[in-house]
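Following: one structure in structure tokens, then a few remarks.
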Amino acid sequence: MRINVLQHTPNEGPGSIKTWADNNHHELYVYHPETFGNLPSEKETDLLIILGGPMSPNDNFAWIKQERQLINALLANNKPIFGACFGAQQIAKTLGKKVLDAPYKEVGWAPVYLKDKTIPNIPEKLTALHWHQQMFEIPEGAKLLFSSDLVQNQGFIYHDNVLGLQFHFEPEEDNVREIAVNDNHYPEENNSLHQTSQEIIEHGVPKENKEVMFKLLDFITNN
């Protein structure tokens, strides 16, 4: 399987998604569309991973629109897609829904609650890394998968092979440090979770997050 990853900022990489790809002997290609303007084609994509970033799907950049064209082509051909944060918002917008300012800015560690049992063996409550102040509307035909205490729309599953999460399960310890030290001012500005960059780093990554990330990818790819 060829996995194409769209990475939008240097400090938010694939994390444990790469480990999953390596464990399953898949080929992983990382694209940087904002920097280089290149995107894979639908034909050379077996699984698309769309990562987070500081931009919004509502921004008027050509590469953001081109990403949605790629998403649309994959949807038309029933290929699996996973989006985290900005990536989930891009999927929702491609499916005709709005991306809006969330009622609360969430930056740091906070619980998310499972709202649908389509994907088996997912815990009812998990602690995820949040790094956002916008949110998606749930697409028509999708199921609400996760909610948090502050923002209801935290995850959705669409047609059993398209998954969007507003938060992050994919970062490992070194990824969290990279995110927090490079974007260290973001948690300090109107953050409803009231966590500093150092507190976010010191919290550590719950071991079950990698396990759940693997289960989600297994499910949408039927591994």
Side-chain angles (χ1 to χ4, degrees), residues 1 3-6 12 14-21 24 26 42 45-53 57 67-68 70-100 102 106 110-132 134-171 206 208-223:
M1 176 188 291
I3 303 171
N4 289 327
V5 176
L6 308 185
E12 293 190 36
S16 64
I17 295 171
K18 182 182 185 305
T19 306
W20 178 85
N24 289 282
H26 299 316
E42 176 272 323
T45 305
D46 299 311
L47 166 62
L48 183 67
I49 304 291
I50 315 162
L51 298 176
E67 276 195 6
R68 292 201 291 270
L70 173 60
I71 294 167
N72 204 43
L74 290 164
L75 290 170
N77 286 279
N78 200 36
K79 291 188 175 181
I81 308 171
F82 171 78
C85 201
F86 170 77
Q89 296 168 1
Q90 279 280 69
I91 298 168
K93 186 149 185 168
T94 302
L95 289 168
K97 289 301 178 178
K98 294 179 181 178
V99 175
L100 310 163
E106 296 175 302
V112 292
Y113 307 95
L114 188 68
K115 296 296 180 180
D116 182 88
K117 297 188 177 181
T118 295
I119 303 174
N121 302 315
I122 303 297
E124 297 283 340
K125 179 181 177 181
L126 292 149
T127 299
L129 179 65
H130 301 257
W131 210 272
H132 69 96
Q134 289 194 310
M135 69 176 193
F136 47 73
E137 295 180 325
I138 301 297
E140 298 294 333
K143 299 173 184 176
L144 176 66
L145 191 58
F146 290 102
S147 294
S148 73
D149 291 316
L150 299 180
V151 179
Q152 180 181 22
N153 294 349
Q154 290 285 353
F156 63 85
I157 181 79
Y158 178 79
H159 288 185
D160 288 353
N161 68 345
V162 177
L163 179 62
L165 302 179
Q166 185 57 72
F167 53 85
H168 300 271
F169 278 147
E170 77 279 3
E208 60 265 25
N209 286 16
K210 180 189 285 190
E211 298 168 5
V212 171
M213 188 72 251
F214 287 7
K215 288 177 183 178
L216 299 178
L217 294 172
D218 284 343
F219 184 85
I220 65 171
T221 59
N222 292 311
N223 264 15

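These numbers come from the heavy atoms of this one structure, side chains and all, not from hydrogens, waters or symmetry mates.
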**Asked** What pairs meet the salt bridge (Lys or Arg N to Asp or Glu O under 4.0 Å) rule with one or both residues in residues 72-87, with sequence neighbours excluded?
**Response** Glu42-Lys79

**Request:** Evaluate side chain to side chain contact (heavy atoms under 4.5 Å, CB included) for Met1 paired with Thr221, printing each intermediate quantity in order.
**Result:** CA-CA 10 Å; Met1 176 188 291; Thr221 59; 4.0 Å; yes

**Request:** For the residue pair Val5 and Leu51, establish whether any side-chain heavy-atom pair is separated by less than 4.5 Å.
**Result:** yes

**Item:** Contacts of type side chain to side chain donor-acceptor pair (under 3.5 Å), residue Lys115, not counting sequence neighbours
**Value:** none

**Asked** With sequence neighbours left out, what residues match Leu150 under side-chain contact (heavy atoms from CB on, under 4.5 Å)?
**Response** Tyr104, Glu106, Ser148, Ser192, Leu193

**Asked** So, Asn4 and Thr45: side-chain donor and acceptor under 3.5 Å apart, yes or no?
**Response** yes

**Prompt:** Do the non-hydrogen side-chain atoms of Phe214 and Thr19 ever get within less than 4.5 Å of each other?
**Reply:** yes

**Prompt:** Considering residues at least two apart in sequence or located in another chain, which fulfil the side chain to side chain donor-acceptor pair (under 3.5 Å) criterion with Lys215?
**Reply:** none

**Prompt:** Which salt bridge (Lys or Arg N to Asp or Glu O under 4.0 Å) pairs, counting each pair once, include a residue from residues 120-129, with sequence neighbours left out?
**Reply:** Lys117-Glu124

**Message:** Salt bridge check, Glu170 against Lys210: does any charged N sit closer than 4.0 Å to a carboxylate O?
**Reply:** no

**Asked** ring-ring contact (aromatic ring centres under 6.0 Å, His included) with Phe167: which residues, sequence neighbours excluded?
**Response** His130, Phe146, Phe169

**Item:** Check: Leu145 and Ile122 side chains under 4.5 Å, non-hydrogen atoms
**Value:** no

**Prompt:** So do the side chains of Phe82 and Ile17 get within less than 4.5 Å of each other, counting heavy atoms only?
**Reply:** yes

**Under 3.5 Å side-chain donor-acceptor pair for Gln166 and Gln89** = yes

**Message:** Applying side chain to side chain donor-acceptor pair (under 3.5 Å), can you list everything that pairs with Asn161, at least two apart in sequence or on another chain?
**Reply:** Asn78

**Item:** CA sep, side-chain torsions, deciding dist, call: Glu137, Leu100, side chain to side chain contact (heavy atoms under 4.5 Å, CB included)
**Value:** CA-CA 8 Å; Glu137 295 180 325; Leu100 310 163; 4.0 Å; yes

**Item:** side chain to side chain contact (heavy atoms under 4.5 Å, CB included) between Gln152 and Met135, worked out
**Value:** CA-CA 9 Å; Gln152 180 181 22; Met135 69 176 193; over 6 Å; no

**Item:** Qualifying salt bridge (Lys or Arg N to Asp or Glu O under 4.0 Å) pairs with a residue from residues 146-163, counting only residues at least two apart or across chains
**Value:** none

**Message:** Just so I know, are the side chains of His168 and His132 near enough to count as touching, which here means a heavy-atom distance under 4.5 Å?
**Reply:** no

**Message:** Test of understanding: with side-chain contact (heavy atoms from CB on, under 4.5 Å), list the residues that count as partners of Pro123, not counting sequence neighbours.
**Reply:** Leu126, Val212

**Item:** Donor-acceptor under 3.5 Å (Asn77 side chain, Ala73 main chain)
**Value:** yes

**Asked** Quick one: side-chain contact (heavy atoms from CB on, under 4.5 Å) partners of Lys93, sequence neighbours excluded?
**Response** Pro57, Asn58, Arg68, Val99

**Fill in**
Nearest heavy-atom contact between Ala128 and Asn209 is CA-ND2, 4.2 Å

**Asked** Listed by chain and number, what are the side-chain contact (heavy atoms from CB on, under 4.5 Å) partners of Asn153, not counting sequence neighbours?
**Response** Phe136, Ile138, Leu144

**Request:** Determine, step by step, whether Leu47 and Ile220 satisfy the side chain to side chain contact (heavy atoms under 4.5 Å, CB included) criterion, reporting the C-alpha distance in whole Å, the side-chain angles of both residues, the deciding distance to 0.1 Å, and the verdict.
**Result:** CA-CA 9 Å; Leu47 166 62; Ile220 65 171; 4.1 Å; yes

**Item:** Spatial distance of atom CD (Gln90) from atom CD1 (Ile81) [nearest 0.5 Å]
**Value:** 11.0 Å

**Request:** Quick one: list whatever passes side chain to side chain donor-acceptor pair (under 3.5 Å) with Thr118, sequence neighbours left out.
**Result:** Asp116, Lys143

